[in-house]
Amino acid sequence: MLILPKSDIAPSDITPQEVYQERRQFLGMAGGLALAAALGGLSTSAAANTRQKFSGVISSKFGADEKPTPYKDVTGYNNFYEFGTSKSDPADFSETLRPRPWTVSIEGEVKKPKRIAIEDLYKLAPLEERIYRMRCVEGWSMVIPWVGFPLADLIKWAEPTGNAKYVEFFTLNDQQQMPGQRSNVLDWPYNEGLRMDEAMNPLTLMAVGLYGEQMPNQNGAPIRLVTPWKYGFKGIKSIVRIKFTEQMPVSSWMKANIHEYGFYSNVNPDVDHPRWSQATERRIGTGFFQKRQKTLMFNGYAEQVAQMYSGMDLRKNF
Ligand code: MTE
């Protein structure tokens with residue numbers, strides 16, 4: 001988002017669909033073969049994150065009644081700078097991420113710091129499917145059927161103290177697993193934050209999968225944040241640390257450019273990013289001739305979230 005020239009055109013828009021798909025399949029295969037060759041057999045990382053379905057996922061009362069974006073676009077057109085800055089890099093290069101074993105450490109303003117394994121996180125609350133509209137600050141959007149549980153359930157389990165006003169999240173910091181961290185495009189590890197009421201909002205999801213399956217590496221395996229009324233960059237991936245704080249966290253994007261990225265990052269069609277209009281969006285996967293559509297305040301979730309910002313100047317607090 002920071003260093004790329006303005007580019008809002010997906011390869012799928014300029015290349016006929018079949019050719020694009022074939023090319024992607026070929027690239028995927030080539031990547032897989034190269035990896036297998038390099039490791040001299042089946043890679044443990046790839047084996048650890050083969051496509052596995054969750055059982056017993058319940059459907060949720062929250063979520064958009066819209067057709068999900070095709071799986072190949074949800075998993076093939078991503079931002080995950082730990083694997084490179086182009087949209088196909090995460091799908092092509094994230095095999096090095098090992099999402100098992102995985103633990104998340106809970107720190108800061110809590111009664112007692114603790115560590116929890118991903119398998120135990122699955123059991124904190126029933127896993128739900130939630131179909132959310134997702135809007136990237138770069139002007140594209142998707143509809144994604146996430147699998148996850150409310151962050152509120154994790155927070156209750158974590159037992160924050162009365163001083164906890166914010167929650168800060170950190171991505172894994174490991175150049176072996178995340179080779180993109182060798183470049184200084186962002187201040188690693190990637191971090192993000194929410195105000196406590198935002199974190200407790202029933203819409204806020206800890207996502208562990210999509211399309212009924214365990215989270216693919218490129219989408220933030222094994223666990224990531226999803227806040228559908230905020231721009232996509234708030235959705236920090238591959239989380240290993242959650243810290244409760246009294247002070248407002250300064251995110252990687254705020255550190256990169258405080259004039260372009262504020263703490264709140266709420267979807268707001270009336271406040272443009274210095275480099276991108278936020279008035280309209282291009283829904284990925286709907287074809288070349290599909291017109292851009294109007295972006296809605298809070299990405300269409302105003303009813304559930306607007307009251308958290310009443311009285312705030314959303315131009316200043318962008
Ligand atoms: N999390 C980490 N750790 N690293 C990243 O580069 N990119 C963000 C966000 N989370 C990013 C990240 C941005 S800019 C977007 S738009 C979304 O992930 C993209 O999420 P998706 O892959 O689910 O579409």
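Not measured: the values here are computed from a predicted model. Every number for a ligand or one of its atoms is a count from 1 in the order of the listing.
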- [ ] Check each of Asn299, Leu194, Val267 against Lys230 using the side-chain contact (heavy atoms from CB on, under 4.5 Å) test, and report the only one that passes.
- [x] Leu194
Task: Asn79 neighbourhood, listing ligand 1 atoms whose heavy-atom distance to it stays under 4.0 Å - done: 7 (N), 11 (C), 13 (C), 14 (S), 15 (C), 16 (S), 18 (O), 19 (C)
Open item on the list: Please verify the inter-ring angle class for Tyr166 with Phe263; under 30° counts as parallel, over 60° as perpendicular, anything in between as tilted.
Closed with: perpendicular
Open item on the list: Can you give me the closest heavy-atom contact between Phe318 and Ile258, atom names plus distance?
Closed with: CZ-O, 3.7 Å
Task: Sole residue of Tyr264, Trp229, Tyr309 in side-chain hydrogen bond (donor to acceptor under 3.5 Å, both in side chains) with Glu198 - done: Tyr309
Open item on the list: Within the 4.0 Å heavy-atom shell around Thr171, which atoms of ligand 1 are there?
Closed with: 3 (N)
- [ ] Would you please indicate if the ring centroids of Tyr261 and Trp253 are separated by under 6.0 Å?
- [x] yes
TODO: Could you tell me whether some N/O pair between Arg224 and ligand 1 is separated by less than 3.5 angstrom?
DONE: yes
TODO: Decide whether an N or O pair under 3.5 Å exists between Gly235 and ligand 1.
DONE: yes
TODO: Show your reasoning for whether salt bridge (charged side-chain N to carboxylate O under 4.0 Å, His left out) applies to Glu109 and Lys165.
DONE: CA-CA 9 Å; Glu109 289 293 345; Lys165 307 270 186 302; over 6 Å; no
Open item on the list: Are any of the N/O atoms on Trp253, whether in the backbone or the side chain, positioned under 3.5 angstrom from an N/O atom of ligand 1?
Closed with: no
Open item on the list: Check this for me - ligand 1, Glu82, N or O atoms closer than 3.5 angstrom, yes or no?
Closed with: yes
TODO: Mark the output for Trp146 as yes if a heavy-atom distance to ligand 1 is under 4.0 Å, and as no if none is.
DONE: yes
Open item on the list: Heavy-atom distances under 4.0 Å decide this one: backbone, side chain, both or neither, for Tyr190 against ligand 1?
Closed with: side chain
Task: Beyond-backbone contact of Ile155 with Met196, side-chain heavy atoms, under 4.5 angstrom - done: yes
- [ ] Anything under 30° is parallel, anything over 60° is perpendicular, the rest tilted; go ahead and classify Phe233 against Tyr231.
- [x] parallel
Open item on the list: List ligand 1 atoms under 4.0 Å from Cys136, heavy atoms only on the residue side.
Closed with: 16 (S)
Open item on the list: Within ligand 1, which atoms have a heavy atom of Asn219 less than 4.0 Å away?
Closed with: 22 (O), 23 (O)
TODO: From the options Lys237, Gln218, Arg135, Met134, select the one whose nearest heavy atom is closest to atom 22 (O) of ligand 1.
DONE: Lys237
